[in-house]
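This report refers to the structure that appears directly beneath it.
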Amino acid sequence: MSEVVLYGTPDSVYVRIARLTLAEKGVPYRLVEVDVFGDAAARDAHLVRQPFGKIPAFEHGAFKLYETSAICRYIDEAFPGPPLQPPAAEARARMMQAISILDSYAYRTLVWDIYVERVMKPEEGGVSDEAKIAAAVPMARSCLAALGNLAPAAPWLAGDQLSLADLHAAPIIDYFLQAPEGRMLADQPRLARWWSAMAARQSMTAVR
């Protein structure tokens, strides 16, 4: 099998999403660390792989790809292993709806406005922006409620089977829960049950 290479940093939410997908499919890969906030030479070299300078970028032999959702769908469809996209149209739509909610609303709110401000900044000697955190809390509640309501009777976000939606959500929720504001997850019992099941998966241990 042609070598699979993923470019990015292990702590990146979107790199972790791709790594979770590779782990769930049982695909061996090589992670090449690329710090997009590092020196100019490294950034310029990465622009050849990803013209917008983001991570991850992906290679499977001669095939090159960027954008996390595209990478994850390719991994699911190009490699054997348990399918990560539901066969039914309605469940696939729920999967894509969840991913869109996560990208459009939850990532910025839960990770940058809450986790980075509350946890990461103080760890690096900075001061949390309390106004930014306070302004983010209502949107955080809305995001969690929306995710919890997508498939309320099902164990996974898009239905009865683990899907790309769950793998997309897991790193975002993982960071959010490191902040005290993460306690609000308990206000969404269905989402809290989902997290317990997701956090226990071997793939999560492999990429944490």
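Residue numbers count from 1 along this sequence. Model, not experiment: these values are computed from the prediction.
Of all heavy-atom pairs between Tyr66 and Pro56, the closest is CB-O, 4.1 Å. The two residues Ala140 and Thr109 have their closest heavy-atom pair at N-CG2, 3.6 Å. Here the closest heavy-atom approach between residue Val119 and residue Gln178 is recorded as CG2-O, 3.5 Å. For Leu157 against Ala165, the heavy-atom pair with the smallest separation is CD1-O, 3.8 Å. Taking every heavy atom of both residues into account, Ile75 and Ala18 meet most closely at CD1-O, 4.2 Å. Considering all non-hydrogen atoms of both residues, Ala154 and Asp160 come closest at CB-OD1, 3.9 Å.
Between the OH atom in Tyr29 and the NE2 atom in His60 there is a gap of 15.0 Å [rounded to 0.5 Å]. With values rounded to the nearest 0.5 angstrom, Ser69 atom OG is found 7.5 Å from Ile17 atom CD1. Between the CE atom in Met95 and the CG atom in Leu164 there is a gap of 5.0 Å [rounded to 0.5 Å]. With values rounded to the nearest 0.5 angstrom, Thr21 atom OG1 is found 9.5 Å from Ile71 atom CD1.
Within the 3.5 Å criterion, the main-chain N or O of Leu84 finds a donor-acceptor partner in the side chain of Asp76. In this structure a side-chain-to-backbone donor-acceptor pair under 3.5 Å is missing from Ser12 to Gly8. Although no hydrogens or angles enter the test, the distance criterion places no donor-acceptor pair under 3.5 Å between the side chain of Ser163 and the main chain of Gly159. Counting only distance, with no hydrogens or angles, the side chain of Ser104 and the backbone of Ser100 share a donor-acceptor pair below 3.5 Å. Under a 3.5 Å cut-off, the side chain of Lys54 and the backbone N or O of Glu67 do not form any donor-acceptor pair. Gln50 places a side-chain N or O within 3.5 Å of a backbone atom of Phe52 that can act as its donor or acceptor partner. Put simply, the side chain of Asn149 gets close to the backbone of Ala145: a donor and an acceptor are under 3.5 Å apart.
Remark: Asp11 does not engage Arg16 in a salt bridge, criterion side-chain N to carboxylate O under 4.0 Å. Salt bridge Glu24/Arg201: present, at least one basic N to carboxylate O contact under 4.0 Å.
Both tests do not hold together for Arg19 against Tyr14: distance to the six-membered ring centre under 6.0 Å, angle to the ring axis within 45°.
With contacts defined as side-chain heavy-atom distances shorter than 4.5 Å, the pair Leu6/Val32 does not qualify. Side-chain contact between Leu162 and Leu167 is present, with heavy atoms from C-beta onward closer than 4.5 Å. Inter-residue side-chain proximity for Ile173 and Leu144 is flagged as met; some heavy-atom pair is nearer than 4.5 Å. Within the 4.5 Å cutoff, no side-chain heavy atoms of Pro122 are placed close to those of Val127.
At a cut-off of 3.5 Å, with distance as the only test, no side-chain donor of Trp195 or Asp174 sits close to an acceptor on the other residue. Looking at Glu181 and Tyr115, their side chains never bring a donor and an acceptor atom within 3.5 Å of each other. There is a side-chain donor-acceptor pair under 3.5 Å between His46 and Arg49.
Exactly one of Val15, Val5, Thr9, Val4 qualifies for a side chain to side chain contact (heavy atoms under 4.5 Å, CB included) with Leu31. That residue is Val15. Partner Gln85 forms a side chain to side chain donor-acceptor pair (under 3.5 Å) with one of Gln161, Arg73, Arg92 and no other, that one being Arg73.
The neighbour count for Gln202 CD, taken as heavy atoms of other residues, nucleotides or ligands under 6.0 Å away, does not exceed 12. More than 12 heavy atoms of other residues, nucleotides or ligands shown are found within 6.0 angstrom of CE on Met184.
Residues Val137 and Phe176 are members of one and the same hydrophobic cluster, defined by side-chain heavy-atom contacts under 4.5 angstrom among Ile, Leu, Val, Met, Phe, Trp and Tyr. Transitive grouping of hydrophobic side chains (ILVMFWY, heavy atoms separated by less than 4.5 Å) brings Tyr175 and Leu147 into a common cluster. Note on Leu65 and Ile99: separate hydrophobic clusters, where clusters join Ile, Leu, Val, Met, Phe, Trp and Tyr whose side-chain heavy atoms are under 4.5 Å apart, directly or indirectly. The hydrophobic clustering, which links ILVMFWY residues whose side-chain heavy atoms are closer than 4.5 Å, places Leu110 and Leu150 together.
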> Under the side chain to side chain contact (heavy atoms under 4.5 Å, CB included) criterion, do Trp156 and Met198 qualify, and how do the steps go?
Replying inline: CA-CA 9 Å; Trp156 301 106; Met198 190 68 226; 4.0 Å; yes

>> Run Ile114 and Lys132 through side chain to side chain contact (heavy atoms under 4.5 Å, CB included) and show every step you take.
In response: CA-CA 8 Å; Ile114 294 180; Lys132 180 181 284 189; over 6 Å; no

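Annotation: Phe58 is in aromatic contact with Tyr74 [ring centroid separation under 6.0 Å].
A perpendicular orientation is assigned to the rings of Tyr107 and Trp112, their planes being inclined by more than 60° (bins at 30° and 60°).
Arg208 meets the side-chain hydrogen bond (donor to acceptor under 3.5 Å, both in side chains) test with no other residue; sequence neighbours excluded.
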